[in-house]
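Remember, it's 1-based here, ligands and their atoms both numbered in the order they're listed. Start at 1 with the first residue, then count along the sequence. All values reported here derive from a predicted model rather than from experimental measurement.
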Amino acid sequence: MSITAIKGFNDLLPSESGLWQFIEQTARQVFARYGFNEIRVPIVEKTELFCRSIGDTTDIVEKEMYTFTDKGGSSLTLRPEGTASVMRALIEHKLYALDSVNKLYYMGPMFRHERPQKGRYRQFHQIGAEVTGASDPLIDAQVLLMVSRLFQELGLAEPSLQINSLGCPACRPAYREALVAFLAERQGSLCEDCRRRQGTNPLRALDCKVPGCVEATQGAPAMVEHLCPDCNDHFAAVQGYLVSAEVPFSLNPRMVRGLDYYTRTTFELVTGLLGSQSAVAAGGRYDGLVEQLGGPAVPGIGFALGVERVALLLGDRSFERVPDLFIAVMGDAARTAGFRLMETDCEGKSLKSQMRRADKLKARYSIVLGDTELAAGSGALKRMEDGRQQTVALIAEGIAGAITGG
Ligand code: HAM
């Protein structure tokens with residue numbers, strides 16, 4: 001029996017990679033415009049990093065991590081997300097000391113042991129960006145503006161932006177108490193998970209999809225109504241900047257993120273087009289995270305998008321690469337001249353069959369290289385769409401000039 005890939009782990013085939021490259025290039029361009037530089041962090045980290053940042057009582061840490069003991073006896077984990085690793089690197093290399101504000105982006109595979117379905121995989125890919133060192137609401141708005149520009153440049157009208165504020169250590173405890181009191185009165189209607197989480201992570205009840213919980217939490221107190229004055233001003237300022245920058249958004253007071261490090265502004269870019277996997281990108285502020293991981297008190301905010309979900313939204317738009325030029329070779333001298341330049345025939349095929357390949361590849365131009373052309377130092381460059389031919393010198397500049405000149 002032949003060996004297949006692991007469930008939830010996908011191959012990206014050549015027919016799809018053009019689309020992914022388009023997504024990655026568009027992100028790189030948009031990130032560069034806003035001053036972000038790339039960081040590449042390892043795919044495997046010490047398990048403790050994720051427990052301490054994402055939170056021990058989250059679904060990710062409780063149920064979804066690929067954790068193993070390596071041959072040296074250390075507990076290691078395939079990263080389920082990128083923020084924790086980027087903050088670990090920021091602290092380890094003291095990047096915060098080199099520059100007061102750091103803007104970093106990353107792309108790559110993440111791993112979560114979830115039940116695979118359309119838009120949800122066990123190995124998936126994120127493109128993410130993080131800003132550290134700035135707590136001004138202007139930065140929150142700029143990150144959101146950048147995300148919405150990115151989707152615009154990808155050519156997507158979907159997804160739409162929802163925002164919320166999760167407050168800070170000053171105001172969240174009182175809110176938590178109010179919510180726990182509210183839930184305590186509705187204990188009987190909550191699912192087992194939500195009952196269990198009341199002592200550890202009661203906010204998750206707001207996010208629970210079980211019908212009983214959805215109903216029981218109608219009218220539950222919302223964090224935005226319990227913000228302290230500082231968080232309230234901050235959130236109002238973020239919204240003001242979004243309005244002035246004409247970034248459309250809506251307020252979702254029930255939004256709970258599945259990671260514990262968030263404070264203040266949180267957001268999701270949601271779509272109705274991907275079934276139950278509605279979040280295409282998500283993120284927020286995490287002002288205590290760097291300190292929690294042993295670094296200085298450096299605030300941060302960021303987001304990550306799911307590349308598979310973006311690719312699904314872009315659908316089967318064609319991102320095929322077509323060659324500008326196809327060289328057909330005739331005779332040994334031409335073959336040895338041709339193979340140095342670019343892809344040429346290596347199977348001794350007839351000119352006719354080489355030209356069929358030029359058609360199949362949708363090459364824009366072709367040129368036949370034989371003894372006559374080599375002797376003359378020039379050849380006939382053919383424009384494939386209409387067969388128009390022109391004589392060009394057999395030098396790269398001559399051919400390139402003719403091609404770009406049309
Ligand atoms: P997250 O909401 O867990 O946030 O994931 C961000 C995005 O990754 C989701 O909106 C979704 O598009 C994609 N994603 C997550 N899980 C899967 C999966 N199993 N299959 C396919 N796509 C998936 C974070 O990871 C945070 N680190 C985001 C962040 C950055 N917050 C601040 N900075």
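Below 4.0 Å from some heavy atom of Ala281 lie the following atoms of ligand 1, by number and element: 10 (O). Near Leu259, the atoms of ligand 1 lying under 4.0 angstrom from a non-hydrogen atom of the residue are 3 (O), 4 (O).
Using a cutoff of 4.0 Å between basic side-chain nitrogens and carboxylate oxygens, Asp140 and Arg264 are not scored as salt-bridged. Salt-bridge formation is not detected for the pair Asp386/Arg388: no Lys NZ or Arg NE/NH1/NH2 atom is positioned less than 4.0 Å from an Asp or Glu carboxylate oxygen. A salt bridge does not link Asp359 to Arg356: none of the charged nitrogens lies less than 4.0 Å from a carboxylate oxygen. Using a cutoff of 4.0 Å between basic side-chain nitrogens and carboxylate oxygens, Arg196 and Asp193 are scored as salt-bridged.
Of all non-hydrogen atoms in Val256 and Glu268, the two that sit nearest each other are O-OE2, 4.3 Å. Residues Leu381 and Ala402 approach most closely at CD2-CB, 3.5 Å, considering heavy atoms.
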Please test Thr200 against Thr57 for side-chain hydrogen bond (donor to acceptor under 3.5 Å, both in side chains), starting from the C-alpha separation and ending with a verdict. CA-CA 7 Å; Thr200 51; Thr57 60; 4.7 Å; no
Step-by-step side-chain hydrogen bond (donor to acceptor under 3.5 Å, both in side chains) determination, Glu130 to Tyr106: CA-CA 9 Å; Glu130 315 287 349; Tyr106 51 91; 2.7 Å; yes
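Between atom 26 (C) of ligand 1 and the options Tyr261, Phe267, Tyr286, Phe303, the minimum heavy-atom separation is to Tyr261.
In terms of protein heavy-atom proximity, atom 20 (N) of ligand 1 is closest to Tyr121 N, 3.0 Å. Looking from atom 10 (O) of ligand 1 to the surrounding protein, the closest heavy atom is Ala279 O, 3.4 Å. The closest protein non-hydrogen atom to atom 23 (C) of ligand 1 is Phe124 CD1, 3.3 Å. In this structure, atom 6 (C) of ligand 1 lies nearest to the protein heavy atom Gln126 NE2, 3.3 Å. Ranking the protein heavy atoms by distance from atom 27 (N) of ligand 1 puts Glu81 OE1, 2.5 Å first. At the shortest separation from atom 32 (C) of ligand 1 among protein heavy atoms lies Gly302 O, 3.2 Å. In terms of protein heavy atoms, atom 33 (N) of ligand 1 is closest to Glu130 OE1, 2.8 Å. Nearest non-hydrogen protein atom to atom 31 (N) of ligand 1 is Tyr262 OH, 2.6 Å.
When side chains are defined from C-beta on, Asp70 does not count as touching Val44, because their heavy atoms never get closer than 4.5 Å. Between Leu259 and Tyr286 there is no side-chain heavy-atom pair separated by less than 4.5 Å.
In this structure, Arg120 forms no cation-pi arrangement with Phe124, as its terminal cationic atom is not both closer than 6.0 Å to the ring centre and no more than 45° off the ring axis.
Residue Leu305 has no N or O atom closer than 3.5 Å to an N or O atom of ligand 1. Backbone and side-chain nitrogen or oxygen atoms of Val280 are examined, and one is located within less than 3.5 angstrom of a nitrogen or oxygen of ligand 1. Residue-to-ligand polar distances place Gly306 within reach of ligand 1: an N/O pair is separated by less than 3.5 Å. Between Arg257 and ligand 1, an N or O atom pair is found at a separation short of 3.5 Å.
Remark: distances from the non-hydrogen atoms of Gly119 to ligand 1 include one below 4.0 Å. Using a non-hydrogen distance threshold of 4.0 Å, Gly258 does not register as a contact of ligand 1. Using a non-hydrogen distance threshold of 4.0 Å, Glu114 registers as a contact of ligand 1.
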